[in-house]
Novice: 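The following block contains the structure, expressed as structure tokens.
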Amino acid sequence: GFLPFSSIHLGKDGAKYEFQLSKFEASHKSLRGRLLSLTWARGSRKGTTTRNALADGAGVAVWTADEVLQVPCTLYRGGGGKFASKDLKISIDEVVRAGTVKSLGSFKVDLSKYTRSGSVSLDLAIGGHGAASGGSFVLSLAAWEDGDAPPVGKPGAQRKHESAAFLASPGSVAGSRLASPASEAGRRG
């Protein structure tokens, strides 16, 4: 018989998480003087920053500390008891005028790797193929299971640094994970 699409997780151990993203900072020389906004998408769910950030003369844009994105997500355990990957797409857009944005590019973060709070740092290569690398995107990520109290104070001990390609062509999604878990182990702390 026919099984509805939602049954693909039938019998799997699911855990509902709340992810809280904050303390956003984008840095790349091509961002100089641009007014920027952030959007996230996971499946059919979407969100955006309520405030924009203006990149300074060095190409650094910092969103206010109270700018927080809430992302609910159910993670399912796969083989070996590890959570199956769940990608969150984050896009950086230029605000051209009120109500109009132009996509500068996007990348993905696998939420299943961040079930403990920490800081995420991504290398940005705007234009793809390393043509204009040397940028970074940093954010703090807090995570807790539904029913638990949100973490307070400083993020936990988890700190990851990932590499991602950030393509300037609108609609493109790049964000391949280049750092191996073994190489990341030395960067935690």
Side-chain angles (χ1 to χ4, degrees), residues 14-28 31 36-50 53 61-63 65 67-78 82-93 101 103-128 130 133-146 150-151 154-189:
K16 290 185 178 186
Y17 274 86
E18 289 290 328
F19 292 90
Q20 188 177 78
L21 287 63
S22 62
K23 299 178 185 172
F24 307 104
E25 182 178 315
S27 174
H28 196 280
L31 300 177
L36 305 172
S37 69
L38 296 176
T39 57
W40 67 267
R42 227 222 45 72
S44 62
R45 297 179 184 218
K46 296 179 180 184
T48 186
T49 50
T50 57
V62 179
W63 279 259
E67 187 65 56
V68 174
L69 297 177
Q70 294 282 134
V71 181
C73 179
T74 302
L75 298 175
Y76 293 92
R77 295 194 188 277
K82 289 187 175 183
F83 285 122
S85 65
K86 275 276 180 106
D87 286 337
L88 174 71
K89 177 182 164 186
I90 300 176
S91 301
I92 298 181
D93 304 315
V101 297
S103 177
L104 298 178
S106 61
F107 52 89
K108 292 181 179 180
V109 175
D110 183 356
L111 292 176
S112 70
K113 301 189 182 325
Y114 299 99
T115 54
R116 292 182 4 222
S117 299
S119 176
V120 182
S121 175
L122 297 158
D123 291 327
L124 294 188
I126 295 180
S133 59
S136 66
F137 184 81
V138 180
L139 63 92
S140 288
L141 194 150
W144 65 93
E145 280 194 73
D146 266 5
K154 291 185 176 179
Q158 182 180 15
R159 181 171 180 81
K160 292 200 176 188
H161 182 91
E162 296 190 17
S163 296
F166 181 83
L167 299 186
S169 55
S172 67
V173 179
S176 54
R177 188 176 158 76
L178 303 176
S180 69
S183 67
E184 289 179 10
R187 295 188 184 114
R188 293 183 187 166

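Predicted model only: the values in this text are computed from it and were never measured.
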Novice: State, to 0.1 Å, how close E145 and Y17 come at their nearest heavy-atom pair, and which atoms those are.
Specialist: CG-CZ, 3.4 Å
Novice: Could you state the interatomic distance from CG (L111) to CZ (F19), rounded to the nearest 0.5 Å?
Specialist: 4.5 Å
Novice: Using 0.5 Å steps for rounding, measure from the CH2 atom of W40 to the OG atom of S91.
Specialist: 12.0 Å
Novice: Residues two or more places apart in sequence or in another chain: which of them pass side chain to side chain contact (heavy atoms under 4.5 Å, CB included) with T74?
Specialist: K16, Y76
Novice: Measuring from atom NZ of K108 to atom NZ of K86, what distance do you get when rounded to the nearest 0.5 angstrom?
Specialist: 13.5 Å
Novice: Excluding sequence neighbours, so at least two apart, what forms side chain to side chain contact (heavy atoms under 4.5 Å, CB included) with S112?
Specialist: L75, F83, S85, D110
Novice: Residues two or more places apart in sequence or in another chain: which of them pass side chain to side chain contact (heavy atoms under 4.5 Å, CB included) with S37?
Specialist: T49, N52, D93, V95, V101
Novice: Just jot down the side-chain hydrogen bond (donor to acceptor under 3.5 Å, both in side chains) partners of Q70, sequence neighbours excluded, or say none.
Specialist: Q20
Novice: Applying side chain to side chain contact (heavy atoms under 4.5 Å, CB included), name anything that partners A61, two or more places apart in sequence or on another chain.
Specialist: L36, A53, A55, W63
Novice: With sequence neighbours excluded, tell me which residues meet side-chain hydrogen bond (donor to acceptor under 3.5 Å, both in side chains) with T48.
Specialist: none
Novice: Once you round to the nearest 0.5 Å, how far does CG of L21 lie from CG of L139?
Specialist: 5.0 Å
Novice: Just verifying a value: how many Å separate S106 OG and L38 CG, rounded to the nearest 0.5 Å?
Specialist: 12.0 Å
Novice: Search all heavy atoms of T50 against all heavy atoms of E67 and return the closest pair with its distance.
Specialist: N-OE2, 2.8 Å
